[in-house]
Amino acid sequence: QVQLVESGGGLVQAGGSLRLSCAASRRTSSAYDMGWFRQAPEKEREFVAAISRSGITTYYANSIKGRFTISRDNAKNTVNLQMNSLKPEDTAVYYCAASTGSVSTSQYGYNYWGQGTQVTVSA
């Protein structure tokens with residue numbers, strides 16, 4: 001079992017940037033594939049990005065490809081999401097998640113979740 005805590009959310013203008021971080025409660029030792037998901041009000045939770053245990057393989061949703069970058073630092077037990085060129089439609093609560101299985105773009109492929117951090121992009 002691992003606890004995940006997101007941070008870095010906030011309010012930015014369209015075109016701005018934010019960097020989200022997800023900290024694990026203890027050393028992961030590359031034990032998990034990691035993902036970022038987001039959920040806007042009255043919408044379903046959607047996949048944003050994922051990264052393999054090694055950090056070599058990444059996956060991105062088409063809606064954010066080219067704007068967001070996922071990365072991890074296993075030595076520091078952190079996973080990051082650099083968000084550039086933000087748009088109002090990126091407004092949502094962002095969640096990090098950990099998978100003990102193979103990397104997945106589905107929320108049902110993940111075992112552990114953080115509490116989320118709010119990202120608001122104004123027009």
Side-chain angles (χ1 to χ4, degrees):
Q1 184 176 340
V2 62
Q3 285 73 49
L4 306 173
V5 180
E6 304 95 337
S7 63
L11 173 64
V12 297
Q13 294 183 344
S17 299
L18 282 175
R19 184 176 177 84
L20 305 183
S21 295
C22 177
S25 59
R26 54 185 174 85
R27 294 180 178 82
T28 64
S29 300
S30 301
Y32 309 97
D33 291 325
M34 300 294 296
W36 284 96
F37 291 77
R38 66 186 183 186
Q39 187 166 20
E42 302 181 355
K43 289 189 175 182
E44 296 182 355
R45 187 170 299 182
E46 66 174 342
F47 169 76
V48 176
I51 189 167
S52 64
R53 288 165 170 80
S54 66
I56 296 175
T57 304
T58 58
Y59 300 88
Y60 296 98
N62 289 332
S63 61
I64 57 88
K65 190 173 297 183
R67 299 188 296 121
F68 293 7
T69 302
I70 188 171
S71 62
R72 69 189 300 164
D73 187 337
N74 290 334
K76 297 182 178 180
N77 302 311
T78 59
V79 179
N80 302 310
L81 184 69
Q82 179 66 47
M83 305 185 294
N84 299 324
S85 302
L86 284 162
K87 305 174 181 179
E89 51 263 44
D90 295 320
T91 296
V93 176
Y94 284 70
Y95 301 89
C96 68
S99 173
T100 57
S102 59
V103 66
S104 176
T105 59
S106 170
Q107 61 179 304
Y108 302 108
Y110 294 83
N111 309 95
Y112 306 102
W113 294 83
Q115 289 76 28
T117 185
Q118 177 70 47
V119 171
T120 303
V121 184
S122 62

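All heavy atoms count here, side chains included; hydrogens, waters and symmetry mates do not.
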| said: Side-chain heavy atoms nearer than 4.5 Å, only ILVMFWY residues, links allowed to pass through others: does that put Val79 and Phe47 together? | reply: no
* Asked: Can you hop from Leu20 to Val93 via hydrophobic side chains spaced under 4.5 Å?
  -> no
Distance col, row Thr69:OG1 vs Asn80:CG, nearest 0.5 angstrom, shows 11.0 Å
Original post:
Counting only N and O atoms by type, is there a donor-acceptor contact under 3.5 Å from the side chain of Arg53 to the main-chain atoms of Val103?
Top reply: no
Open item on the list: Within the structure provided, determine whether Trp36 and Phe68 are in side-chain contact (heavy-atom separation under 4.5 Å).
Closed with: no
On a heavy-atom basis, the closest approach of Leu81 and Ala49 is CD1-CB, 4.2 Å
Is Met34 reachable from Tyr94 through a run of hydrophobic residues whose side-chain heavy atoms are each under 4.5 Å from the next? yes
Contacts satisfying disulfide (SG to SG under 2.5 Å) that involve residues 34-83 (not counting sequence neighbours) are none
(Q) Using side-chain heavy atoms (C-beta onward) and a distance below 4.5 Å, is Arg38 in contact with Val119? (A) no
For Ala14 and Ala123 the tightest heavy-atom approach is CB-CA, 4.5 Å
Smallest heavy-atom separation, Tyr95 atom then Gly114 atom, equals CD2-O, 3.6 Å
CD of Gln82 to CD1 of Ile70, rounded to nearest 0.5 Å, is 12.5 Å
dist Ile64:CD1 -> Lys87:NZ (nearest 0.5 Å) comes out at 10.5 Å
- Okay, side chain of Glu6, backbone of Cys22: is any donor-acceptor separation there less than 3.5 Å? no
Residue pairs passing the side chain to side chain donor-acceptor pair (under 3.5 Å) test with at least one member in residues 99-110, sequence neighbours excluded, are Thr100-Asn111
*Report yes or no: does Thr117 contribute a side-chain atom to a donor-acceptor pair with the main-chain N or O of Gly9 at less than 3.5 Å?*
yes
In this structure, OG of Ser7 is separated from CZ of Arg19 (nearest 0.5 Å) by 10.5 Å
Heavy-atom nearest pair, Asn84 first then Ser17, reads OD1-OG, 2.9 Å
Q) Do Val121 and Glu89 pass the side-chain contact (heavy atoms from CB on, under 4.5 Å) test, and can you show the C-alpha distance, the side-chain angles, and the key distance before you say yes or no? A) CA-CA 8 Å; Val121 184; Glu89 51 263 44; over 6 Å; no
Cluster overlap Tyr59 with Val48, hydrophobic side-chain contacts below 4.5 Å: no
Value for CG (Leu11) from OG1 (Thr120), rounded to nearest 0.5 Å, stands at 6.0 Å
* Asked: Backbone N or O of Val2 within a donor-acceptor pair of the Ser25 side chain at under 3.5 Å?
  -> no
Here the pair of heavy atoms bringing Tyr60 nearest to Lys65 is O-CE, 3.9 Å
- Are the side chain of Arg67 and the backbone N or O of Ser85 linked by a donor-acceptor pair below 3.5 Å? yes
